[in-house]
Every structure is written in structure tokens, then in C-alpha cells.
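Written out below as C-alpha cells is the structure these notes cover.
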Amino acid sequence: MLRSAAPMLRRGMARRTSGRVKVIGAASTAVAPSSPSLPPRRTMTSGGGDRLRGSSWGESIPDEHREPDEETEGEWEGCYRKFLTPISVGSRGVEILYNPLFNKGAAFKGGERDRLRFRGLLPPRRMNIKIQKERALLEIRAEPDMIRKHIILEDIHDRNETLYHRILIDHMEEMAPIIYTPTVGQACSEFSVLYRRPRGMYFSAEDRGHMAAMVYNWPQNDVRVIVVTDGSRILGLGDLGINGMGIPIGKLSLYCAAGGIAPHRVLPVVLDVGTDNPALLKDKFYLGLQRPRLQGSAYYQVIDEFINAAAHRWPNVLIQFEDFSSDKAQTILNKYRNEVLCFNDDIQGTGATSLAGILGALRARGESPRSLGDQRILIVGAGSAGMGVAQVLYQAMIEHGRSPEEAKDCFFVADERGLLASDRLGRLSPEQAMFARDGDGGLSLREIVNKYKPTMILGMSAVGGLFTEDLIRDMAKHCDRPIIFPLSNPTSKAECTAEQAVKWTDGRCIFASGSPFDPVEMENGKTFYPTQCNNMFIFPGIGVGVTLCGAKTVTDRMLYVAAEALANYLSEEELALGKVFPNLSTIRDVSKKVAVAVIEEAIRTGQSSKLSEKDLRDLDAFVQSKMYDPIYVPLIEKRTITI
Ligand SMILES: NC(=O)C1=CN([C@@H]2O[C@H](COP(=O)(O)OP(=O)(O)OC[C@H]3O[C@@H](n4cnc5c(N)ncnc54)[C@H](OP(=O)(O)O)[C@@H]3O)[C@@H](O)[C@H]2O)C=CC1
Ligand SMILES: CC(=O)C(=O)O
Ligand SMILES: [Mg+2]
């Protein structure tokens, strides 16, 4: 049987229709990927499954019930040619079926069903991942409600991670709004009632003293990326306590699908230090500690204990801080950024992403990156996101030859009390104080617009609708092509919609938003294509880059080159359509380019512990080869008896 399989496969492979490989008459077991991948020496599984390798399991299935097989069908470029190294699993039977990292559901093949003792535990008909995906898409698309779509997808996540990530990768534009912003905002708000199964780790104030041991409860030895939140500022929704867990889960789904980190190497974490959200404190279904948030040294001790525990068990892990309230975010970053491999996504990731979008917008206006230092930039919101963006844009101006004074003079930063100026110096953080103007403290947004005539307005206020018609129309009077980025998430918190920006500027604006908006039909019959300015374009590539090269820290220069790589990715065709970010469907390739840029920077500056100058040559191919691709890999049982 096995001997005859290869010629059959070759014959089948030779028959190509419409560029796809069609295997004619080859039973799926004839090319069972497990077969060629078994160790060459004679082994027998403890259950004697090896004997069944030569059985005619596949042949007992009538032709009309046979499903094309992803390895033989060539559905994904190169799959059928790939030598799939089997995964050796320490369990069998139902334990595998209930393990989403290994479970393939109906896609388990005959050989595997016998090897791993599934016979009788699954319905008899086999389906490949293509059919499984088709079925899942039907269900998701039939459901009009976004949160129900989210639940369906997360159910798949909990059952079968390979299928889940396959769906995300193949349908990124459709799925990102379901697993990420805006729907993840609702998923977080309802997290405790939607909760079904554990995913990730929870460290609470009551676990103090135990965290170094607790990290060993996590079953994976090779965790590469942790996304951690304390739930204190989830998107623009405020303090959601433990319900913020939806954010690390969503971000890490993107790490896997968009960045190519394998799912067993990521760990979502929530630190439960209490909540100051009055509704959660009295909600009988809330799953977190119902007590006020720890403050001061008690709070920082929890952070410190968790970071030490994680870095002790996984010394090379990247820790991404996510959605920490602005009063803590910068302090935590400053404390740990030179100690462990970490970065803050809202400060640094958003900064790099916005820089890339603004470079794209300047290109659309026919201006060079150097002209960044000629802009008048109004940043609305002086929290971690707003100040992170200001800092990265400022650094970029310095890179392009502006003096610190010239660069600072480009910024107008406003918070709820208006323009930040020196009259409030004692009450501003060092990051805010750096951008405080000498006079005009407390000017309103309209006053700033009419006095200083900004060329761009960036919203990170978490106040939906803050960019009013009057404000934007005033801005458009002074500027031919105003750059308008309402970056707050989710959609309900966006400072304005794409449609409003287009209407109020008579279609002259360059627009990108934190959450997605549909294209807008303009009065002149043309279509305006808004793009998404979201740190999802940066963080997966940063993660892949620093973990692959073994960087010890995430430097500001790494973020800068990441932004450049993202900006350079934008094609002339996309620019012509008014887009300033690439299509989401290309995000995997974008992440690869970002990762390559980060690795090159790490090698150049001696930050890379795993790669060196000689590796610079085929870096693109190297990164590609390391990216997780969700296809079903043959499973074999670890317990083998050599005879
Ligand atoms: N698109 C993306 O990739 C990202 C988007 N974001 C979004 O950015 C938003 C802000 O995040 P973050 O900085 O952490 O949040 P913060 O809550 O720390 O900051 C909000 C800021 O907005 C200010 N603000 C509030 N109301 C007004 C108002 N009426 N006029 C002007 N300013 C006002 C606040 O001022 P005060 O302190 O005086 O109240 C504060 O400075 C969130 O919605 C988040 O989702 C964040 C990261 C990435
Ligand atoms: C996108 C993101 O990180 C935020 O809104 O917080
Ligand atoms: Mg965030």
C-alpha cells in the first residue's frame, strides 16, 4: 500500500487543473502524511497501532464519500510537497480530542484514528480543513450579530486552534473585526457572562507569594510572547477588571495569525488587582476580585512578582504590556524596559503605527518624510497613547534633522482641560510636560484649530464624536488635505466616523481610524477607502523579530524601523485609492517585513543574541520559514517501544 502510494501521488500531481493539483483516484490514506514521517527504525506504538499502517482503511470508504485531502489537494501552496514532521503527543483518545492544540475533529485520518485510539470516538466520515472551514464560514456568515459571530469563532478557538487560525489567516479582513476591535470591546464588557473555558492565566492580588510557582501550572515550556493587562483601561471602555482578558486573547490571536507565532508559544495573562468599576463591584456574575484596585507599592509588588515569575520560567519571553491605565503604563515601562524583553503596545506600538500612517499620508500629499517637521500636529488626548504617538513623531523629526526645539514646536497636545501649557507644569507627567506650550494653556480644540491651523488631528481621547462638524470644517478651511486620524477604540469611541470626515472636508481629508469603517460613496460618485491605523500592524512583527533574533530589549530604533517598514509596504495603487495603510489581507506579509527590519536593526546594534551579520542575507526567507502555518500535522504517540 505504502509503496504504491508515491507513484499514485506523483501521477495525481501531474494532472493540474486551473493551477490546482488534483489527485485522481488516490485514496487519502495512500498518502497519509503520518506514514512517511514515522521514524525509520522499526517501532511499535504501545497500542500496537503501527500494525494498521498497511490497512486498507481508506479503501473501505466509497469514492463518493471521499474528501479531497489538504496534503494531496495542494490547497495551500506547497502543502502536499512539504515533509510534515509529526508532532509527538503525550496522550491519546479523548485527551487529544479535547486539546485544541492537537484536535483536528473530523479531519483525523484513518491511520491517526487507530494510532491514537479515536476509532469510535468520532463520526466516521472524514473532512479536510477546507471543508471544515467552509462549514464554519457558513455558520459565522449566517449570524448577523457581531458578538454571536465572536462566540462562534472563539468556540472554534477552544476546540481546534489549527482551524481557527486557518480561518483568520485566509479571511483576515472579515475576521479581524470579529476577534479584535470593535467586537472585542463588547466581548470584554460581557466577558464574565460569556465565559466558557479557561484560556491563559489569571494572577490575582490573592496570589501574592505564589506566582513563581504558579507559572509552572502552565503546560508549555516554550512560551515566547505574553500579552498582559491589569484591565484598568480596556480600549476606550475604561476599567473592566478581569473582563479585560479578552484583549490579551485577541492580541495573541493576531500574533499567531498575523505574525506567525505558534499558538502553544503564546500566553494571555490578566493581573487581577481589583477594580474601581462600581458596576463590576456589585455584579454577581463578575469573575474577578470584588475589591478596590490595589494602589501604590502594593500594586507595583504584584506587577514585579508576576514579571519576575514569568521571566524566571521563560527567560527569553517577550512581555507586551497592554491597556494599563496611563497613570501606571509609563512607570511600568520605564522600570522594566532595560531589565526584561518587553514593550508597551499602547505607547510604543501605537506610536510606530501612527508614524507609518502619517508617512503614508505625507506621501499621498506628495511630501517627503522630512516634511514631517513642517507639520502642525494636534494630538487630542494626553494619555499613554497620545503621548506615545507624540514621542515617536518627535523622534522621527529628530531623525530627519530637526532640532529638539523645532520638533517640539510642531505639537499641540490637548486633554480634557484643553491645550497643555506651562501653567500646568507641576501637574503634568514628564512625558506631557515635554510637549507643554509656553502659553495659551487651556485653549479649546476649536481655538487651537483657528489659532494654529493644524495640518493633522489625531484623536486618542476615548471620547466618541469629539471631532465635531464645526471643528473639522474649521480645520479644512486652513488646510488643503487635512490628515484626520480618530484613533480611539472601539468604534463607539471614535472621535468621528469616516463618513463625517469625508463629508465635512468635501472628500479632501486623508483618513485612518483605530477601528474599521466601511468605504464611503462620495457625492462625485467616487469611493473613499478609509484604512485602519491600529497597532495590530506593528506588534506581531515586533514580536516575531525580537524573539527570533534573541534580542534582550526592545529599543526605540526598532520601533522606528518597524514604522518605516510598514510605511514602505504601502503601494502606489493603495495610495491612489486614498489608503494610508495596507489592506488587512496582507498583514502576514507586513508582519514579516516588520520582523525583518527589527532583526536587521538588532544585528546592526549588537542586540541580537541568536543571529549575526552572516544571517542578514536570506533574512526574508528565514523569517518566512519560521512562521507558523496552520495545517494539520500528523500526530504520533510519544510512548513508543523500540524492538
Ligand atoms: N488605534 C490604536 O492602535 C490605538 C488606539 N488607542 C485608543 O486611544 C484611546 C486612549 O488611550 P489612552 O491614552 O491609554 O487613554 P487615557 O484614558 O489614558 O487617555 C485619554 C486622554 O484623553 C483625554 N480626554 C478625555 N476627554 C477629552 C476631551 N473631551 N477633550 C480632549 N481630551 C480629552 C484625557 O484627558 P484627562 O486626563 O484630562 O481626562 C486623556 O488625556 C483609547 O480609546 C484607545 O482605545 C490606544 C492604543 C492604540
Ligand atoms: C488598539 C489598542 O491597543 C487599544 O485601543 O488599546
Ligand atoms: Mg491597547
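All ligand and atom numbering here is 1-based and tracks the order in the structure.
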*asked:* A side-chain contact here means heavy atoms from C-beta on lying under 4.5 Å apart; do Ile358 and Leu458 qualify?
replied: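 Contact flag for Ile358/Leu458 side chains = yes.
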Please identify which atoms of ligand 1 are closer than 4.0 Å to at least one heavy atom of [X].
| X | answer |
| --- | --- |
| Asp346 | 46 (C), 47 (C) |
| Gly236 | 42 (C), 43 (O), 45 (O) |
| Val380 | 31 (C) |
| Gly514 | 1 (N) |
| Cys533 | 1 (N), 2 (C), 3 (O) |

*Considering only non-hydrogen protein atoms, determine which one is nearest to atom 23 (C) of ligand 1 and report residue, atom name and distance to 0.1 Å.*
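The closest one turns out to be Gly381 CA, 3.8 Å.
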_Taking distance alone, with N or O pairs closer than 3.5 Å, would you say Asn489 contacts ligand 1?_
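Between Asn489 and ligand 1 (N or O atoms, distance only) the closest approach is under 3.5 Å.
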*Output the atom name for the N/O/S atom of Asp323 with the smallest distance to the Mg ion (ligand 3).*
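Relative to the Mg ion (ligand 3), the closest nitrogen, oxygen or sulfur of Asp323 carries the name OD1.
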Filter the ligand 2-protein atom pairs down to N or O on both sides and distance under 3.5 Å, then list them.
| residue | atom | partner | partner atom | Å |
| --- | --- | --- | --- | --- |
| ligand 2 | 3 (O) | Lys251 | NZ | 2.9 |
| ligand 2 | 3 (O) | Glu322 | OE2 | 3.0 |
| ligand 2 | 3 (O) | Asp346 | OD1 | 3.1 |
| ligand 2 | 3 (O) | Asn535 | ND2 | 3.0 |
| ligand 2 | 5 (O) | Asn489 | ND2 | 2.8 |
| ligand 2 | 6 (O) | Arg233 | NH1 | 3.0 |
| ligand 2 | 6 (O) | Asp323 | OD1 | 2.9 |
| ligand 2 | 6 (O) | Asp346 | OD1 | 3.0 |

*Can you tell me the angle formed at the Mg ion (ligand 3) by OE2 of Glu322 and OD1 of Asp346, to 10°?*
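Value returned, to the nearest 10°, is 100°.
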*Which residue from Gln532, Glu416, Glu495, Met536 reaches closest to atom 39 (O) of ligand 1 through any of its heavy atoms?*
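Looking at heavy atoms only, the winner is Glu416.
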*Do NZ/NE/NH1/NH2 and the carboxylate oxygens of Arg437 and Asp440 come within less than 4.0 Å?*
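Salt bridge absent between Arg437 and Asp440.
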